[in-house]
Amino acid sequence: MSVINRIPAVETSGPADSETLNRIPSVEPHDSTGVIGRIHSVETCGTVDGPGIRFIVFMQGCLMRCKYCHNRDTWDTHGGREVTVPELMQDLTSYRHFMNASGGGVTASGGEAMLQQDFIAELFAACKAQGIHTCLDTNGFVRHYDELLDRVLDNTDLVLLDIKQINDEKHIPLTHVSNKYTLEFARYLAARGQTMWIRYVVVPSWSDDEESAEGLGQFIAELGDCVEKVELLPYHELGKHKWDVLGDHYDLTGIRPPSKETMDRVQAILGKYHPNVKY
Ligand code: SF4
């Protein structure tokens, strides 16, 4: 079995170095047995990451360091377990009936799925060959524009693009990386006419202010009709225990989930720029 997607050593104890890291480089296959991906877990009947009932593949590894990350245990690029596309296809196709009946499909999430593009390209191609809807849930931290990226996107029906903060002065302390790559990727998707949902986590005192919502709305409007929906996700503390288990300090301790009034206010601002803003 060849390993063309083995994840190399990356320092994961501290913030990712956005200037030196990007996609985890793949290794050329030694034979034709296919790509190996490193996954954290799967969820067989997900209902919140794309339309319908979905088989969610949580890929291992992420280079952002979001303060509110509820999947803190996905960061380590050495963690998770190795799977091949045929193994995963055998598993997910047993749920095909539920996926098809509900208008669902497969979602690659994480961690960050775009760190393992060769695996996602093969997985999504296999899904499309079987008529299964594909959805890519990504933070958009993409710095290489090449054939591999286009191969992933050619086999992607829907992109869920997280924009953490439109204001880079707030984005950097919130995620430890600049938003410029995510915004560039959003423009690239728009230029391709790729259908996308923009997702925005509303975090009190970090992303719930009027200026941020206005700026995000203006940016989304520039992307045009390919943005089908804007999803607002209220911040929650449900992943905090994972930080505790790993002995990490959780910076947002004490910050409560946003109130309904806050969510309504952000929704109303974004609603000036897009007709379909939901939470
Ligand atoms: S991009 Fe997602 S997985 Fe990565 S740190 Fe942020 S919230 Fe966590």
Side-chain angles (χ1 to χ4, degrees), residues 7 10-18 21-24 37-43 46 48-50 56-80 107-117 119-120 135-143 159-168 170-186 189 196-204 206-208 212 216 231-253 255 257-258:
I7 298 174
V10 174
E11 175 57 54
T12 56
S13 57
D17 180 351
S18 65
L21 300 176
N22 184 35
R23 186 169 68 209
I24 294 170
R38 192 175 278 275
I39 69 170
H40 172 272
S41 56
V42 300
E43 183 181 347
V48 295
D49 294 312
I56 318 278
V57 184
F58 293 96
M59 303 301 294
Q60 185 70 27
C62 186
L63 302 182
M64 283 196 183
R65 296 291 180 260
C66 302
K67 288 186 186 297
Y68 55 77
C69 183
H70 58 279
N71 290 326
R72 169 64 186 86
D73 51 341
T74 65
W75 288 2
D76 183 0
T77 53
H78 300 286
T107 297
S109 184
E112 175 47 48
M114 294 300 265
L115 288 179
Q116 300 185 64
Q117 289 180 28
F119 182 79
I120 301 299
C135 181
L136 174 69
D137 178 14
T138 177
N139 61 27
F141 190 65
V142 169
R143 290 168 62 195
V159 178
L160 308 181
L161 179 65
D162 295 335
I163 298 181
K164 315 286 186 183
Q165 236 300 352
I166 196 71
N167 179 346
D168 213 18
K170 292 183 176 177
H171 190 279
I172 292 172
L174 183 61
T175 68
H176 283 292
V177 299
S178 170
N179 67 12
K180 65 183 179 181
Y181 304 106
T182 299
L183 303 187
E184 184 182 349
F185 186 57
L189 294 174
M196 60 180 135
W197 295 0
I198 301 295
R199 307 222 287 185
Y200 185 59
V201 181
V202 178
V203 190
W206 284 93
S207 60
D208 65 338
S212 298
L216 178 63
E231 274 194 335
L232 304 179
L233 309 173
Y235 162 74
H236 61 70
E237 283 185 325
L238 297 180
K240 180 178 181 297
H241 68 281
K242 297 178 183 175
W243 293 66
D244 297 338
V245 166
L246 291 164
D248 265 2
H249 178 70
Y250 189 74
D251 277 356
L252 301 188
T253 297
I255 292 186

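Each ligand, and each atom within it, is numbered from 1 in the order the structure gives. Values below: every heavy atom of this structure, side chains too, minus hydrogens, waters and symmetry copies. Worth saying up front: this structure is predicted, and the values here are computed from it rather than measured. One is the number of the first residue; the rest follow in order along the sequence.
- Taking every heavy atom of both residues into account, Gly37 and Phe119 meet most closely at N-CD1, 3.2 Å.
- Lys240 has no carboxylate O lying under 4.0 Å from a charged side-chain N of Asp251, or vice versa, which leaves the two without a salt bridge.
- Interface atoms of ligand 1 facing Met64, defined by a heavy-atom separation under 4.0 Å, are 1 (S), 5 (S).
- Ser207 and Lys164 make their closest contact through CB-O, 4.1 Å (heavy atoms, listed as atom of the first residue, atom of the second, distance).
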Take Thr138 and Glu112 through the side-chain hydrogen bond (donor to acceptor under 3.5 Å, both in side chains) test and state the conclusion after the steps. CA-CA 6 Å; Thr138 177; Glu112 175 47 48; 2.7 Å; yes
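- Nearest to atom 2 (Fe) of ligand 1 among the protein's heavy atoms is Lys164 NZ, 4.0 Å.
- Residue contacts with ligand 1 for Cys66 involve both N, CA, C or O and side-chain atoms from C-beta outward (heavy atoms, distance under 4.0 Å).
- Residue contacts with ligand 1 do not include His70, since none of its heavy atoms lies under 4.0 Å from the ligand.
- Here Cys69 does not reach atom 6 (Fe) of ligand 1: none of its N/O/S atoms is less than 2.8 Å from the metal.
- Side-chain polar atoms of Ser212 and Asn167 form no donor-acceptor pair below 3.5 angstrom.
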Could you go step by step and tell me if His40 and Asn71 meet the side-chain hydrogen bond (donor to acceptor under 3.5 Å, both in side chains) rule? CA-CA 10 Å; His40 172 272; Asn71 290 326; over 6 Å; no
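- Side-chain N/O atoms of Thr77 and Gln60 include no donor and acceptor closer than 3.5 Å.
- Protein heavy atom in closest approach to atom 5 (S) of ligand 1: Trp75 NE1, 3.2 Å.
- Ligand 1 lies out of reach of Phe141, whose nearest heavy atom is not under 4.0 Å from it.
- The protein heavy atom nearest to atom 3 (S) of ligand 1 is Gly111 N, 3.7 Å.
- Atoms of ligand 1 lying under 4.0 Å from at least one heavy atom of Cys62, given by number and element, are 1 (S), 3 (S), 4 (Fe), 5 (S).
- Within the 4.0 Å heavy-atom criterion, the part of Asn139 lying near ligand 1 is the side chain and not the backbone.
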